[in-house]
Amino acid sequence: MLKLFIHNVLKKRHFWRHADFDELSEVYIAMAFRGFALGMIGIFVPVYILKLGFGLSSLLLFFTCYFAIRIFTDFIAAYFTARYGPKHTLLMGYVFQICAAGSFTLIESGQFSLYLSALIWGAAASFTFIALHVDFSKIKHSDHGGKELGFLNVLERAGGMIGPIIGGVLATFFGAQVLFFVAAIVLFLGLIPLFSTVEPVKVNQKLHYKKLKLKPIKHDIISSVFYYVENTLCVVLWPAFLTLFVFLDDNIYGTIGALASVGFMVSIASAYAAGKIVDTKKGGALLRFASLGNAVIYLIRPFVQNVVGVLGINIINDSLTVGYRIPFTKGLYDAADQHPGLRIVYLSSIEGIGSLTKGIVWFQLYVLSLFITNYQLLVVGFIVAAICSVMINTQRFTALKG
């Protein structure tokens, strides 16, 4: 039913996609389910770890492990994608995600290691993101990819809007462990539509990393590193800050979930608008405005002390986030088109270098946390994220010029 709805809504406006619209719809559906599932647990993972009694240093070490494993699994996922195709890789990513969700439920009882869960979750991210990048960059329309990315973000954020509310309710009344079981079921449902069409790329490929020249893509790599670091700092440090310094009552899951949902709801309109702007060749200007505005927001975060402040930050941040993520992703995917035969090599190289950098950043924050207070550490993290947000503008993507 969801697939038919997507088809009917977009077919009239995107008539050029008729030949492979089922394929595009599958990606939309899979990511909608993923957005809903991760909306239930993603923002709560830092909260859950801290509420279990682990300190901020343990949380930082958790994400150090998460990105350390991805340095290797990003390339394993690339080889798997070349051998079996992105859909089968996404399937493996969801299997890892389900295993990670299950492992989280065993941490409190001591039956599973926090850091082993981080490794499984990291592998899940590698297989999911590599597959998504390859799949969507291959099937998106070069002239209208902004609208398609915009709609993808709309569906993800619709799931992200509902997920935190449901997640907050479940965690409040049934315990946080229930979240991970429900999320695993939702992720499994998202797999079902994926295999009604064939793989979008040639399978049984050989990957030749030596053929990818670094000099022409150095700005792609540098800007992507800043983009990825900023993203991960925001996703983790903000919920950690709210847990440690703003919401100290027992209803923290419900409060954070409700406030996150409002931000996602407002950003849905922004995602659709951003996609249209990108296709009018104004993506570069949109990226600059949104990324610089986002940097300012980071510098305000340490001073937030109440619900009103958190709500304002969430609304502004989520709207700005789609403003730079959609054009950046469009630029990256179009750049992948410029490397025929090396799409998987190009995308996995950028992801792998990004994971290496993120692992280094998180480890440095972990070491720093041993010498300064939690509040000081979070302030440093927000400042680093602000700098990264500004430095996203080092990109030189052809699609964003003009």
Side-chain angles (χ1 to χ4, degrees), residues 61-97 100 115 118-138 201 205-236 325 328-329 331-366 384 388 391-392 394-397:
L61 190 56
F62 173 89
F63 281 99
T64 300
C65 295
Y66 171 83
F67 289 113
I69 193 64
R70 286 188 58 183
I71 298 169
F72 305 99
T73 54
D74 283 345
F75 294 102
I76 294 173
Y79 278 100
F80 196 94
T81 302
R83 178 69 175 83
Y84 300 105
K87 292 182 183 180
H88 288 80
T89 307
L90 192 59
L91 171 62
M92 285 300 300
Y94 277 27
V95 169
F96 279 123
Q97 193 81 63
Y115 305 113
L119 298 180
I120 300 173
W121 200 26
S126 291
F127 277 75
T128 300
F129 286 126
I130 293 295
L132 175 64
H133 290 329
V134 172
D135 196 359
F136 202 91
S137 69
K138 180 67 176 179
V201 301
Q205 295 185 50
K206 300 287 186 180
L207 298 185
H208 303 284
Y209 283 91
K210 291 183 179 179
K211 291 185 178 180
L212 184 66
K213 305 301 181 183
L214 291 180
K215 187 175 181 179
I217 64 170
K218 64 179 181 180
H219 288 293
D220 299 7
I221 294 173
I222 293 170
S223 60
S224 294
V225 163
F226 288 117
Y227 173 85
Y228 289 138
V229 171
E230 180 277 328
N231 178 50
T232 184
L233 289 175
C234 178
V235 169
V236 178
R325 285 188 186 173
F328 189 91
T329 306
L332 182 67
Y333 288 172
D334 279 11
D337 293 339
Q338 299 170 13
H339 300 278
L342 295 173
R343 180 185 304 274
I344 300 174
V345 170
Y346 171 81
L347 292 170
S348 61
S349 295
I350 288 180
E351 277 286 337
I353 295 171
S355 293
L356 173 62
T357 308
K358 285 181 284 188
I360 293 172
V361 169
W362 281 103
F363 181 70
Q364 289 176 330
L365 289 175
Y366 163 71
V384 172
C388 289
M391 295 304 291
I392 293 173
T394 56
Q395 61 81 23
R396 297 291 186 273
F397 293 125

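Positions are given from 1, in the same order as the sequence printed here. Worth knowing before you read on, the calculation uses all heavy atoms, side chains too, and leaves out hydrogens, waters and symmetry mates. Keep in mind that this is a model prediction, so the values were computed, not measured.
A distance of 10.5 Å separates NE2 in H133 from OG1 in T128, rounded to the nearest 0.5 Å. With values rounded to the nearest 0.5 angstrom, K206 atom NZ is found 10.0 Å from Y79 atom OH. In this structure, CD in Q364 is found 9.5 Å from OG1 in T64, a value given to the nearest 0.5 Å. For the atom pair CZ of F62 and CG of L119, the computed distance is 9.0 Å after rounding to the nearest 0.5 Å. Rounding to the nearest 0.5 angstrom, the gap separating the CZ atom in F75 from the OG atom in S349 is 5.0 Å. A distance of 11.5 Å separates CG in L132 from OG1 in T89, rounded to the nearest 0.5 Å.
When side chains are defined from C-beta on, I353 does not count as touching D74, because their heavy atoms never get closer than 4.5 Å. Using a 4.5 Å heavy-atom threshold, the side chains of F397 and D334 count as separate. Side-chain contact between V361 and F67 is absent, with no heavy atoms from C-beta onward closer than 4.5 Å. For the pair F127 and I76, the minimum side-chain heavy-atom distance is below 4.5 Å. Residues V345 and H339 fail the side-chain proximity criterion, which asks for heavy atoms closer than 4.5 Å.
The two residues I130 and L347 come nearest to each other via the heavy atoms CD1-O, 4.5 Å. For I69 against A123, the heavy-atom pair with the smallest separation is CG2-N, 4.1 Å. The heavy-atom pair separating S224 from L332 by the smallest distance is OG-CD1, 4.2 Å. For A125 against Y66, the heavy-atom pair with the smallest separation is CB-OH, 3.2 Å. Closest of all the heavy-atom pairs between F328 and I392 is CD1-CG2, 3.8 Å. Counting all heavy atoms, side chain and backbone alike, G354 lies closest to Y228 at CA-CD1, 4.1 Å.
Residue pairs meeting the salt bridge (Lys or Arg N to Asp or Glu O under 4.0 Å) criterion with at least one partner in residues 349-366, sequence neighbours excluded, are R70-E351.
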Query raised in the report: Going through the checks in order, is the side chain to side chain contact (heavy atoms under 4.5 Å, CB included) test met by L233 and W362?
Result: CA-CA 9 Å; L233 289 175; W362 281 103; 3.8 Å; yes

Query raised in the report: Can you list the steps and then say if T73 with F96 is a side chain to side chain contact (heavy atoms under 4.5 Å, CB included)?
Result: CA-CA 12 Å; T73 54; F96 279 123; over 6 Å; no

Query raised in the report: Would F63 and W121 satisfy side chain to side chain contact (heavy atoms under 4.5 Å, CB included), going step by step from the backbone distance to the final call?
Result: CA-CA 10 Å; F63 281 99; W121 200 26; 3.9 Å; yes

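Residues meeting the salt bridge (Lys or Arg N to Asp or Glu O under 4.0 Å) test with E230, sequence neighbours left out: none.
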Donor-acceptor contacts under 3.5 Å from residues 208-216 side chains, at least two apart:
unit_1	atom_1	unit_2	atom_2	d
Y209	OH	S348	OG	2.8

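Heavy atoms from other residues, nucleotides or ligands lying under 6.0 Å from CZ of F363 number 12 at most.
A donor-acceptor contact shorter than 3.5 Å is absent between the side chain of R343 and the backbone of G341.
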